[in-house]
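For reference, the structure is listed below as structure tokens.
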Amino acid sequence: MIPSIPRGTRDFSPAEISCRNFIISTVADVFRLSGYQPIETPAMENTETLTGKYGEEGDRLIFRVLNSGDFLKDADREKLNAADAAALLPSISGKALRYDLTVPFARYVVMHRNDITFPFRRYQMQPVWRADRPQKGRYREFWQCDADIIGTSSLLSEAELIGMVDDVFSRLGMEVVIKINNRKILSGIAASLGVKEKSFTAFVTALDKIEKTGYENAVKEMIERNIFSRPVKENELTEFLREMPQRSPDKIRELSPEAAKGVEEIETIYSFFEGDKMKSSTVLRDYTLARGLDYYTGTIIEVKPAAHTSGSSICGGGRYDDLTGIFGVPGLPGVGISFGIDRIYDVMKEMNLFERKGLQVPVSRLMFAHFGEAERKYAFRLSSEIRGAGISAEVYPDICKIKKQMEYAGKKGIPFVAVIGEDEMKSGMITLREMSTGEQCKLPPGDLSVKLKGEKH
RNA sequence: GUGAGAUUAGCUCAAUUGGUUAGAGCGCCAGAUUGUGGUUCUGGAGGUUGUGGGUUCGAUCCCCAUAUCUCACCCCA
């Protein structure tokens, strides 16, 4: 039987891990530098914790975990016989894999609220799962790196997060475009166009397609979906939306008091950066930016590589007034950002950014090659001494031809090989070969660590 | 969940119109070289053509189903 892994999941080999760890540790460094503290939550949550938080589509994409043991024992017979999967689910599955890190965080905050000092800055870097059909930049298991600050409405937090985004991508060596908008502006626009209240989400998703499919298609979708409470002319609507990006903040303010509030918020965030230059990012106001989950209520942020602004986003976030309210603790506003490290990896790979970072796959600095049983034993003792000096070392495990041992070291990229033979043991002088040049020298075992430390890595 | 394309050796790809023993490069293994990797030379192994059915005298090739990958829709990191 040929083994395989579930679709949309991946194995990561040593070279990939090096690159991924570089991204993960870079993000963590930046998070810590602003006082964010790490937490972790379980891969599984109770189903009720997750369902209903991501919209109808989101619910469909949650991986359910079947109850252990005889899961049919407590199954709802009526629903089972009716083959009604959706209705049967609660009686056979009580757990689900987490879909993102924000909702589990809200649950965490509610459960630990008495131990937390607010405002609370936390970061979390863990895999999440979505039962989506895989495609470019989309996996069923992927990592999110989230930083959230909860317990404050201060717009300083947004500025802080944007600064962190800039810092991360500057360290990674990638130019990005950070787009910023505000849900209040979107609802202001919707109100001024006469969008029905219940159609707001439909309006927002259509609006979001402008960049991808153009104004005409977005408008067509809005009209087809019948989202307006009064007659709207197609060409007037197109014209209105087309002017959106160029529209000055003042023009947006005129739309409605709510939109004015949104504009105010964005301008406040900008004011924190006054005169400062971003290191690696261009921050843009985009009044048509609509991305973000349902729970966002204020600022929304989306980050794309400057080289692929039409591609998928590599980072996103926003402000929520009351995320913990759904778990019974109202009045805790917050704002967060999420880095999609799998997509960041893909972009960096494509742009050859890892090569410039000189990342190395961890490999022993020294290998002992040997000619027989006694030599191998001798090498084993030396190897443990050399490790004591902080130098990674391994002994070739089998007794075989020196050629084969050398071949192994060369292929593996081990930079130094110490050859232990009868001569070496007799004279007490080890033969050390530098693999890149082929140069060899003899030295006493005690000098090995000094010699290897002295050489640059 | 909907639609399109792909799948041949470990990898990248060939194979005429449905016709004899499915080939090449790279990689792998062994030897040339019994104390030395990368270069070179010589030899060798490796395939139920993704899987399961069907049509046919005969299928890598045509048909159906299924799995996986890629791309798009939906939605999203």
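All of these numbers come straight from a predicted model, not from anything done at the bench. Residue numbers begin at 1 in each chain, while the letters A, B, ... track the order of the sequences.
Comparing the P positions of B:rA6 and B:rC62 gives an interatomic distance of 10 Å, to the nearest angstrom. Rounded to whole Å, the separation between the C1' atoms of B:rG18 and B:rC41 comes to 42 Å. Using P as the reference atom, B:rU16 and B:rC75 are 45 Å apart when rounded to the nearest Å. When the C1' atom is used for both B:rG47 and B:rG10, the distance is 12 Å, rounded to whole Å. Here, B:rG52 and B:rC57 have their C1' atoms 23 Å apart, quoted to the whole Å. Straight-line distance between the C1' atoms of B:rC26 and B:rA32: roughly 22 Å, to the nearest whole Å. Distance check on atom C1': B:rU51 versus B:rG58 gives 22 Å, rounded to whole Å. B:rA24 and B:rA45 are spaced 12 Å apart, taking the P atom of each and rounding to whole Å.
Regarding A:I300, its CD1 atom lies at a distance of 14 Å from the C1' atom of B:rC76, rounded to whole Å. Atoms CD (A:Q144) and C1' (B:rA77) sit 5 Å apart, rounded to a whole Å. The distance between atom CZ of A:R7 and atom P of B:rC69, rounded to the nearest whole Å, is 6 Å. Summarising the geometry, the separation between CG on A:D132 and C1' on B:rA77 is reported as 11 Å, rounded to the nearest angstrom. What separates CD1 of A:I62 from C1' of B:rC76 is a distance of 13 Å, to the nearest Å. Going from atom CZ of A:R20 over to atom C1' of B:rA77 covers 12 Å, rounded to whole Å. When rounded to the nearest whole Å, the span between CG of A:L61 and C1' of B:rU2 equals 14 Å. Atom CG of A:N217 and atom C1' of B:rC74 are 15 Å apart (whole Å).
Nucleic acid contact for A:C145: none, since no nucleic acid atom lies under 4.0 Å from a heavy atom of the residue. In this structure, A:S313 reaches the sugar-phosphate backbone alone: every heavy-atom distance under 4.0 Å involves primed, P, OP1 or OP2 atoms, never a base. Contacts of A:G55 with the nucleic acid, taken as non-hydrogen atoms under 4.0 Å apart, are absent. If you check every strand for non-hydrogen atoms under 4.0 Å, A:G8 touches sugar and phosphate atoms only. Within the nucleic acid shown, A:K209 comes within 4.0 Å of sugar-phosphate atoms alone, with no base atom in reach, counting heavy atoms only.
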Pair pattern of RNA chain B in dot-bracket, where unpaired bases get dots and | marks partners in another strand, Watson-Crick or G-U under 3.5 angstrom: (((((((..((((.....[...)))).(((((.......))))).....(((((..]....))))))))))))....
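Considering only residues two or more places apart in sequence or on other chains, A:Y123 meets the ring pair (Phe, Tyr, Trp, His ring centres under 6.0 Å) condition with A:F31. Applying the ring pair (Phe, Tyr, Trp, His ring centres under 6.0 Å) test to A:F354 and every residue at least two apart in sequence or in another chain returns A:Y345. Every residue meeting the ring pair (Phe, Tyr, Trp, His ring centres under 6.0 Å) condition with A:Y396, not counting sequence neighbours, appears here in chain and number order: A:Y408.
The residue among A:I5 and A:R140 whose nearest nucleotide of RNA chain B is located toward the 5' end is A:I5. Both A:V303 and A:E221 lie close to RNA chain B; mapped to their nearest nucleotides by heavy-atom distance, the more 5′-ward contact belongs to A:E221.
A side chain to side chain contact (heavy atoms under 4.5 Å, CB included) with A:V335 is found for one member of A:D321, A:L161, A:L155, A:L323 and no other, namely A:L161. The salt bridge (Lys or Arg N to Asp or Glu O under 4.0 Å) with A:D148 is formed by just one residue from the set A:R121, A:R319, A:R122; it is A:R122.
Salt-bridge check for A:K95 with A:E45: failed, with every basic side-chain N at 4.0 Å or more from each acidic carboxylate O. Contact check on A:K404 versus A:D398 returns no salt bridge, with no Lys/Arg side-chain nitrogen under 4.0 Å from an Asp/Glu carboxylate oxygen. A salt bridge is defined here as a Lys NZ or Arg NE, NH1 or NH2 lying under 4.0 Å from an Asp or Glu carboxylate O, and A:E221 with A:K209 meets this definition.
Judged by atom type and distance alone, A:R343 reaches the base of B:rC76 through a side-chain donor-acceptor pair under 3.5 Å. Applying the 3.5 Å distance criterion, the base of B:rC75 shares a donor-acceptor pair with the side chain of A:R138. Residue A:R130 places a side-chain atom within donor-acceptor reach of the base of B:rA77, judged by atom type and a 3.5 Å distance cut-off alone.
Below 30°, between 30° and 60°, or above 60°: for A:F203 and A:F200 the angle between ring planes is between 30° and 60°, a tilted geometry.
At least one donor-acceptor pair closer than 3.5 Å links the side chain of A:S25 to the backbone N or O of A:N21. Remark: side-chain polar atoms of A:D166 are not paired, donor with acceptor, to backbone N or O of A:M278 under 3.5 angstrom. Side-chain atoms of A:R376 never come within 3.5 Å of backbone atoms of A:F371 as a donor-acceptor pair (strictly under, hydrogens ignored).
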Going 5' to 3' through nucleotides 28-46 of chain B and flagging B where a protein heavy-atom sits under 4.0 Å of the base, S where only the sugar-phosphate is that close, and - otherwise, we get SS-S---BBBB--------
Could you write nucleotides 5-12 of chain B as a row of B, S and -, 5' to 3', where a protein heavy atom under 4.0 Å of any base atom gives B, of only sugar-phosphate atoms gives S, and otherwise -? --------
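By the 6.0 Å contact criterion, NZ on A:K377 is open, its count of non-hydrogen atoms from other residues, nucleotides or ligands being 12 or less.
Note that A:R130 lies outside the cation-pi zone of A:F142, set by a 6.0 Å cut-off to the ring centre and a 45° limit from the axis.
The aromatic ring of A:F142 is stacked on the base of B:rA77, with the two ring centres less than 5.5 Å apart and the planes inclined by under 30°.
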